Enquirer: 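Pasting a structure here, questions to come.
Throughout, a chain's letter reflects where its sequence line sits, starting with A, and its residues are numbered from 1. Keep in mind it's a predicted model, so treat the numbers as computed, not measured.
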There are 2 protein chains.
Amino acid sequence: MDRSSPVPLYYQLSQQLEAAIEQGGLAPGSLLGNEIDLAARLGLSRPTVRQAIQSLVDKGLLVRRRGVGTQVLHSQVRRPLELSSLYDDLEAAGQHPATQVLRHETEPATARVAAALGVPEGSEVLLVERLRLAHGEPMAHLRNHLPVGLIDAGPARLEETGLYRLIRAAGITLHSARQTVGARAATAEEGARLAEPEGAPLLTMERTTYDDTGRAVEFGSHVYRASRYSFEFQLLVRP
Amino acid sequence: MDRSSPVPLYYQLSQQLEAAIEQGGLAPGSLLGNEIDLAARLGLSRPTVRQAIQSLVDKGLLVRRRGVGTQVLHSQVRRPLELSSLYDDLEAAGQHPATQVLRHETEPATARVAAALGVPEGSEVLLVERLRLAHGEPMAHLRNHLPVGLIDAGPARLEETGLYRLIRAAGITLHSARQTVGARAATAEEGARLAEPEGAPLLTMERTTYDDTGRAVEFGSHVYRASRYSFEFQLLVRP
DNA sequence: GAGTGGTCTAGACCACTCG
DNA sequence: GAGTGGTCTAGACCACTCT
């Protein structure tokens, strides 16, 4: 432990434990050893050690049982559910994402957009409509509405990166999002845009994203080719 | 605060605060007052008050800012993402769910089922195949594979309640699940089962559920009528 | 009965935000 | 500079599990 570091001690410890688990130093199913000894060995207080362990329990890497001990989970999978960026996901998967900006303009908010963003109906909002490609093939059609003035990026920057990065770059801290995922058949127009036949199944996602004060910063209506894309995520049960 | 109760003090406090927020006693955007005063007023120590507040921050009801204070979120929506039971969801929505058990038997595990459940390929596993109805209309076709002996419920009990309730009733603590949500066109057979035309869009979900030791307890391949059902959930951003 | 995690206390110092 | 949350300590007692 490095006491001169600005990184909190509990966080240093949780990262060391996580690394040990990921790299197999702590085998799945093995016991971690009790908190008191661990605290004494590291020269930390018990609450600090507990805080480190609790953060890994919250992440789903450890399980604690009263009277038994703290155990490394047999988990086959990791990766938590995150508020993800399609652009970043594709890039991380080596899919070479690209973006075509189809529209980038302000328009009066419809009732639905106004309700989602919490602005008056008819007030001006920014509409960004994009086609997302992977390996040069269309993957998804993305329509987003944002409050005007939230980001100052033009079409050029939108073609280089994802929307979430631009929102974060504007100093906004994302906090939560409400999503609805469904499916429907492609219209002729949608099919032409996504290189799918009319009637092909499409995955739809509507999402409203909120910042850390609870204000809506983005409302998206997205359509994905079901033949090329599915949502994958991990849920934790609330205790 | 009731010190004679077996309910932890931090939990009593977090429930009181949550109730005050839900019922509007604490307005969105308002500050909670500092921890020290709150602790003194309630006769608690500061770490105990912090634990209560932190649990609500984790739930997404409050936001804390160093140097500023603790604020009630302007949140428009609540309901966290949970490992949900379709049966319970429909029942809570007043949709009068019902179940037809189509199959309930053991069979040798296919490679895919074996990999998901972590059992040898070809070993016997329980297959439960059900049709879920709402208001008497088909909603979804549910296929689940489980380790044999995990639950001892026959078809009769499966028609009365959801699978998760039976698993929990068997003394198993659910911990996490890995889900994949996609879409595809209905085959003729699927269409007939769900009262949809062939080629109609269907929502698909595959899910492996794990207990608190990390062992897989259930693998499900489910198909929902996209015209009747969509997934709705809220995500929190990891700090 | 021994060992574990769960809860709780009463302090302390620091980093940050704001006026 | 005043006020806030963030971190940390060194104890204490309790509830539970297992042998």
Enquirer: What's the CG-P distance between A:L42 and D:dA10, to the nearest Å?
Expert: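 My rounded result for the distance is 14 Å.
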Enquirer: Pick the closest DNA chain C nucleotide for A:G67 and for A:R64 by heavy atoms, then say which residue is nearer the 5' end.
Expert: A:G67
Enquirer: Between C:dT9 atom C1' and B:L38 atom CG, what is the distance in whole Å?
Expert: 16 Å
Enquirer: By nearest heavy atom, map B:V68 and B:T48 onto DNA chain C; which one lands nearer the 5' end?
Expert: B:T48
Enquirer: Please determine whether any donor N or O and acceptor N or O are separated by less than 3.5 Å between the side chain of B:R66 and the base of D:dG3.
Expert: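 Per atom types, no contact qualifies.
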Enquirer: For B:R46 and C:dC14, give me the distance from atom CZ to atom C1', rounded to whole Å.
Expert: 11 Å
Enquirer: For residues A:S230 and B:V181, report the shortest heavy-atom separation together with the two atoms involved.
Expert: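 So the two residues come closest at CB-O, 3.2 Å.
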Enquirer: Roughly, in whole Å, what's the span from CD in B:Q12 to C1' in C:dT7?
Expert: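 These atoms are roughly 12 Å apart.
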Enquirer: Can you check the B:L62 CG to D:dG6 C1' distance for me, whole Å?
Expert: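 After rounding, the reported distance stands at 16 Å.
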Enquirer: Does A:Y10 place a side-chain N or O at less than 4.0 Å from the phosphate oxygens OP1/OP2 of D:dT7?
Expert: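 Checking D:dT7 against A:Y10, a side-chain N or O does come within under 4.0 Å of OP1 or OP2.
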Enquirer: D:dG5 C1' sits how many Å from A:Q51 CD, rounded?
Expert: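 From A:Q51 CD to D:dG5 C1': 13 Å.
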Enquirer: What is the separation between atom CD on B:E35 and atom C1' on D:dT7, rounded to the nearest whole Å?
Expert: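 Roughly 11 Å, once rounded to whole Å.
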Enquirer: Is any side-chain nitrogen or oxygen of A:N34 closer than 4.0 Å to OP1 or OP2 of C:dT4?
Expert: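 A:N34 to C:dT4 OP1/OP2: side-chain N or O found under 4.0 Å.
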Enquirer: Does A:R50 reach a base, just sugar-phosphate, or nothing at all? Heavy atoms under 4.0 Å.
Expert: base
Enquirer: Determine whether more than 12 heavy atoms belonging to other residues, nucleotides or ligands lie under 6.0 Å from atom CG of A:D37.
Expert: yes
Enquirer: Could you please name the partner base of D:dT4, counting Watson-Crick and G-U wobble pairs only when both distances are under 3.5 Å?
Expert: C:dA15
Enquirer: Contact class for A:I36 vs. all strands (heavy atom < 4.0 Å): base, sugar-phosphate, or nothing?
Expert: nothing
Enquirer: When the distance from CG of A:L44 to P of D:dG11 is rounded to whole Å, what number comes out?
Expert: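 Spelled out: CG on A:L44 to P on D:dG11 is 15 Å.
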Enquirer: Using heavy atoms to find the nearest nucleotide of DNA chain D for A:L9 and B:L32 separately, return the residue whose nucleotide is more 5′.
Expert: B:L32
Enquirer: If you look at every strand shown and take non-hydrogen atoms under 4.0 Å, does A:P47 touch a base, only sugar-phosphate, or nothing?
Expert: base
Enquirer: Measure the shortest side-chain to side-chain distance between B:L32 and B:Q71 over non-hydrogen atoms and say whether it is less than 4.5 angstrom.
Expert: no
Enquirer: When you compare the side chain of B:E129 with that of B:E105, does any pair of heavy atoms fall below 4.5 Å?
Expert: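 When only atoms from C-beta onward are counted, B:E129 and B:E105 do not touch, as no gap falls below 4.5 Å.
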Enquirer: Do the rings of B:Y224 and B:F231 sit parallel, tilted or perpendicular, given the 30° and 60° boundaries?
Expert: perpendicular
Enquirer: Both B:I53 and A:R3 contact DNA chain D. Taking the nearest nucleotide for each, which residue is further toward the 5' end?
Expert: B:I53
Enquirer: Please confirm whether any donor atom in the side chain of B:R65 sits under 3.5 Å from an acceptor in the base of D:dG6, or the reverse.
Expert: no
Enquirer: Does a side-chain N or O from B:T70 land closer than 4.0 Å to OP1 or OP2 of D:dG5, or not?
Expert: yes
Enquirer: More than 12 non-hydrogen atoms from neighbouring residues, nucleotides or ligands closer than 6.0 Å to CG on A:D2, yes or no?
Expert: yes
